[in-house]
*Asks:* 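Just dropping this structure here.
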There are 2 protein chains.
Amino acid sequence: MTKIPEDLPDCTVFLLGKAYQKAHGDFQKRLKPYGLTNMQHLVLEGLWYQEGLTAAELGKMLILDKATLSGVLERMVEAGWIRKEQSPDDRRIFHLYPSAKANDMKEVLIEERKKANGELLAGFSLEEQLLFKRLLRVLM
Amino acid sequence: MTKIPEDLPDCTVFLLGKAYQKAHGDFQKRLKPYGLTNMQHLVLEGLWYQEGLTAAELGKMLILDKATLSGVLERMVEAGWIRKEQSPDDRRIFHLYPSAKANDMKEVLIEERKKANGELLAGFSLEEQLLFKRLLRVLM
DNA sequence: GGCAACTCCTTTGTATGCGAACCATTAACC
DNA sequence: GGTTAATGGTTCGCATACAAAGGAGTTGCC
């Protein structure tokens, strides 16, 4: 059995990466039966919060690179989760809307996110949960 | 419009992802002048801790998928950061060693990691830093 | 000895993630 | 009003990530 270097458990960048890796993986598995990825779920949440956003606005809201978002949106249109509508005012822009299929599953999908969050924080006391979120917000 | 039960700033999976995104990006930028990536730096730290590890052992230590590691190691050999030596006892296995070039930069590179950690936690009190790391360890 | 099971690693396929270059369009300004 | 700057989106290149399958090698067990 290989031991972990003493330094690693003290390296916050490493710890943060691994905590994210686990949280992301768990959420991904939870979403797999729906044919959605973590990222695609996030996009839907953004559009449920405000329909008709452009890719640039959505990227700003979700802190995502436009190059990344471009591919994600294309696959989501392909899979019928969202709709792109070119703006008549500015032909560079597309307004984004969740599809009927997405809206039908809205409640269930939001519930899955809540469950994922609950599962992630299961080992924390209520106080620790609030504190943890507060600290994460500082880092962003 | 239907309201969202839980706002994005309260979604821990999201917060964790964004905190990681920022930490990872900052460390990546810090390492760029050396021609190293975050992941490659991590591999070197693992091998400095114990030379001659196999890919499987290193993956276990760093919690990395073997498929991911395979490509990373290939690029690191290509770039002259590490050396792969086939084991005479078991021809499936490669033992991994940091190159002379890597060892020459060991002190500097470890210093960069420390600086990255310091920068990341700059907004936290000493108490918060310890608490944050403790909470992250629970999640792994 | 021999074959099944297991292990190590690679390969393939899909999905991020971001910098940089690029095209089309719109805004800004002289 | 025409050149320049800025913006929105796509594409390319590179580097993770991981599931799944596959090839090569080793072990276990009768």
Side-chain angles (χ1 to χ4, degrees), chain A residues 2 13-14 17-33 35-43 52-79 81-82 84-96, chain B residues 13-14 17-33 35-43 53-60 62-79 81 84-96:
Chain A
T2 316
V13 175
F14 177 76
K18 292 308 158 182
Y20 163 72
Q21 188 181 42
K22 178 149 193 320
H24 180 269
D26 288 349
F27 195 19
Q28 198 83 297
K29 275 177 199 132
R30 191 181 281 282
L31 291 175
K32 191 168 184 184
L36 267 180
T37 67
N38 200 325
M39 170 67 69
Q40 293 171 355
H41 184 282
L42 188 62
V43 165
L53 289 176
T54 66
E57 289 167 340
L58 192 59
K60 207 164 293 176
M61 181 198 254
L62 304 179
I63 317 175
L64 285 171
D65 191 275
K66 60 184 177 174
T68 302
L69 203 46
S70 184
V72 173
L73 295 177
E74 186 192 5
R75 285 184 289 275
M76 289 184 75
V77 169
E78 199 93 7
W81 290 108
I82 60 169
K84 278 166 87 170
E85 275 186 17
Q86 193 171 38
S87 166
D89 301 329
D90 187 337
R91 298 210 304 269
R92 294 170 301 180
I93 288 177
F94 291 96
H95 293 287
L96 302 168
Chain B
V13 176
F14 177 75
K18 291 309 159 182
Y20 163 72
Q21 188 181 42
K22 178 148 193 322
H24 180 270
D26 287 350
F27 195 18
Q28 199 83 297
K29 275 176 200 132
R30 191 181 280 282
L31 290 175
K32 192 168 184 183
L36 267 179
T37 67
N38 201 324
M39 169 66 70
Q40 293 171 355
H41 184 281
L42 188 61
V43 166
L53 289 177
T54 66
E57 289 167 339
L58 192 61
K60 207 164 292 175
L62 304 178
I63 315 176
L64 285 171
D65 191 273
K66 59 188 174 172
T68 304
L69 202 47
S70 184
V72 173
L73 295 177
E74 187 193 4
R75 284 185 290 277
M76 289 184 75
V77 169
E78 199 92 7
W81 290 109
K84 277 166 88 171
E85 276 186 17
Q86 194 171 38
S87 166
D89 301 328
D90 187 337
R91 298 209 305 268
R92 293 169 302 180
I93 290 177
F94 291 97
H95 293 287
L96 303 168

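Letters go in sequence order (proteins before strands), and every chain restarts at 1.
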*Asks:* So what does Ala67(A) touch, heavy atoms closer than 4.0 Å: a base, only the sugar-phosphate, or nothing?
*Replies:*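 Base contact.
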
*Asks:* Which nucleotide sits closest to the side chain of Met39(A): dG17(C), dA15(D), dG25(D)?
*Replies:*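 So the nucleotide nearest the side chain must be dG17(C).
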
*Asks:* Describe the nucleic acid contact of Ser70(A) in one word from base, sugar-phosphate, nothing, applying a heavy-atom distance below 4.0 Å.
*Replies:* base

*Asks:* Side chain of Lys66(A), base of dG9(D): donor and acceptor closer than 3.5 Å?
*Replies:* yes

*Asks:* How is Glu74(A) classified with respect to the nucleic acid when contacts are heavy atoms under 4.0 Å: base, sugar-phosphate, or nothing?
*Replies:*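 Here Glu74(A) touches no strand at all.
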
*Asks:* Under a 4.0 Å N-O cut-off, is there an ion pair linking Lys22(A) with Asp26(A)?
*Replies:*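 A salt bridge links Lys22(A) with Asp26(A).
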
*Asks:* With hydrogens left out and only the distance checked, is there a donor-acceptor pair under 3.5 Å joining Arg92(B)'s side chain and the base of dT7(C)?
*Replies:* yes

*Asks:* Are His41(B) and Phe27(B) an aromatic pair, judged by ring center distance below 6.0 Å?
*Replies:*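 Yes, they do, as the ring centres are separated by less than 6.0 Å.
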
*Asks:* Nearest nucleotide by nearest heavy atom, which residue falls closer to the 5' end of DNA chain C, Asp90(A) or Lys29(B)?
*Replies:* Lys29(B)

*Asks:* On DNA chain D, does the nearest nucleotide to Pro88(B) precede the nearest nucleotide to Gly71(A) from the 5' side, or the other way round? Give the residue.
*Replies:* Gly71(A)

*Asks:* With a 4.5 Å cut-off on side-chain heavy atoms, are His95(B) and Leu53(B) touching?
*Replies:*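 SC-SC contact between Leu53(B) and His95(B) ruled out.
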
*Asks:* Please work out if Lys60(A) contacts a base, only the sugar-phosphate, or nothing of the nucleic acid, heavy-atom cut-off 4.0 Å.
*Replies:* nothing

